[in-house]
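Quick note: numbers below take in every heavy atom, side chains included, and nothing from hydrogens, waters or symmetry partners. Source: prediction; values computed, not measured.
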Amino acid sequence: MHEGHRERLLERAKNSAELQDHELLEAILFRPIPRKNTNEIAHRLLAAFGSLHGVFSAGEGELALVEGVGKQTAQYLRCVAELFRRMSSEEIPKPDAYNFHGFSAFIKSRFEGLNEEVLDLYCLDRADHILHTARFTSHDGSRVGVAMNELGGVLMTHCPYSIVVAHNHPAAPAAPSPADDEFTSQLQLICSLNNIKLRDHIIAGRNGMFSYFTS
């Protein structure tokens, strides 16, 4: 019965704009849930989070608590959400060179829609051109703990002239915490040991941006 229903829904998806929210979510769930009625699960997800935006903004742990979802499907939905976010962020192109004010909109777009803390590392050359970007996350909504040896590995590989670090406070203001202060001090030390300039550490919060080095 499920196969016939799925075939009919996918046939209707040729005109996907006509699908209702629960039907679109139901079709997305076909891949991670091959042998269950995903219509019921789609309705549960929408009931739990209120909308498609709510579903794809929810954390893995929250999604996994919905009956019929589980860990693997929650991880799949988070991947789809990240795909949407990256496609959206492509609307704001990466700046040719770094400066705080011109970079703010780009950083904001990179963090848009995230409900967990992440940290982005930008490796720059002497002309402030971006050579490489790396993202770190601990999959914890309240912190992003990054090991210094992980950062050091990126620095040794790409040998930047300087770096900029940015992280987000998804549910808090952009004001730095004591942990942020300690991390910045550690970052300054590792940069000094590698003869690299730390251009800035930026925090994106609900009330805007904070910069450690730019007034």
Can you check whether [X] reaches [Y] side chain to side chain, under 4.5 Å on heavy atoms?
X	Y	answer
Tyr122	Phe106	yes
Leu151	Phe183	yes
Arg206	Pro173	no
Leu77	Leu45	yes
Arg78	Leu63	yes
Leu121	Thr133	no
Glu26	Thr38	yes
Pro160	Leu155	yes

How many angstroms lie between atom [atom1] of [X] and atom [atom2] of [Y], to the nearest 0.5 angstrom?
X	Y	atom1	atom2	result
Ile107	Glu112	CD1	CD	13.5 Å
Ser211	Ile202	OG	CD1	5.5 Å
Gln20	Leu46	CD	CG	10.5 Å
Ser162	Arg126	OG	CZ	9.5 Å
Ile203	Glu117	CD1	CD	8.5 Å
Thr73	Arg31	OG1	CZ	12.5 Å

Determine whether a donor-acceptor pair (N or O, by modelled atom type, separation under 3.5 Å) exists between the side chain of [X] and the backbone of [Y].
X	Y	value
Asn168	Leu119	no
Asn207	Ala174	yes
Asn37	Asn39	yes
Tyr212	Asp181	yes
Ser192	Gln188	no

Donor + acceptor pair across side chains of His201, Asp180 (<3.5 Å):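 The answer is no; no qualifying pair exists.
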Give the minimum heavy-atom separation between [X] and [Y], together with the two atoms involved.
X	Y	result
Met209	Ala204	SD-CB, 3.7 Å
Ala97	Ala127	CB-O, 3.9 Å
Cys191	Leu198	SG-CB, 4.0 Å
Ile130	Pro95	CD1-O, 3.9 Å
Leu187	Ile190	O-CG2, 3.2 Å
Phe111	Ala166	CZ-O, 3.6 Å

Atom NE2 of His43 with >12 non-hydrogen neighbours under 6.0 angstrom: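 For His43, atom NE2 is crowded (more than 12 foreign heavy atoms under 6.0 Å).
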Enclosure of Gln72 CD (heavy-atom neighbours >12, cutoff 6.0 Å):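 Atom CD in Gln72 is not crowded, with 12 or fewer foreign heavy atoms closer than 6.0 Å.
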Criterion side-chain contact (heavy atoms from CB on, under 4.5 Å) on Cys123 and Val154, from CA distance to verdict: CA-CA 9 Å; Cys123 297; Val154 174; 4.1 Å; yes
Working for side-chain contact (heavy atoms from CB on, under 4.5 Å), residues Asp120 and Val165: CA-CA 6 Å; Asp120 287 345; Val165 169; over 6 Å; no
By ring-ring contact (aromatic ring centres under 6.0 Å, His included) - contacts of Phe56 (at least two apart):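 Applying ring-ring contact (aromatic ring centres under 6.0 Å, His included) to Phe56 gives Phe84.
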Ring center gap for Phe103 and Phe100 short of 6.0 angstrom: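 Centroid distance Phe103-Phe100: not below 6.0 Å, so no.
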Candidate pair Val164 and Leu124, rule side-chain contact (heavy atoms from CB on, under 4.5 Å), full reasoning: CA-CA 8 Å; Val164 172; Leu124 311 176; 3.8 Å; yes
Pairs satisfying salt bridge (Lys or Arg N to Asp or Glu O under 4.0 Å), at least one member in residues 187-202, at least two apart: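 For residues 187-202: Asp128-Arg199.
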CA sep, side-chain torsions, deciding dist, call: His167, Phe136, side-chain contact (heavy atoms from CB on, under 4.5 Å): CA-CA 9 Å; His167 83 273; Phe136 303 88; over 6 Å; no
With sequence neighbours excluded, residues passing salt bridge (Lys or Arg N to Asp or Glu O under 4.0 Å) with Arg44: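 Here the qualifying residues are Glu40, Glu67.
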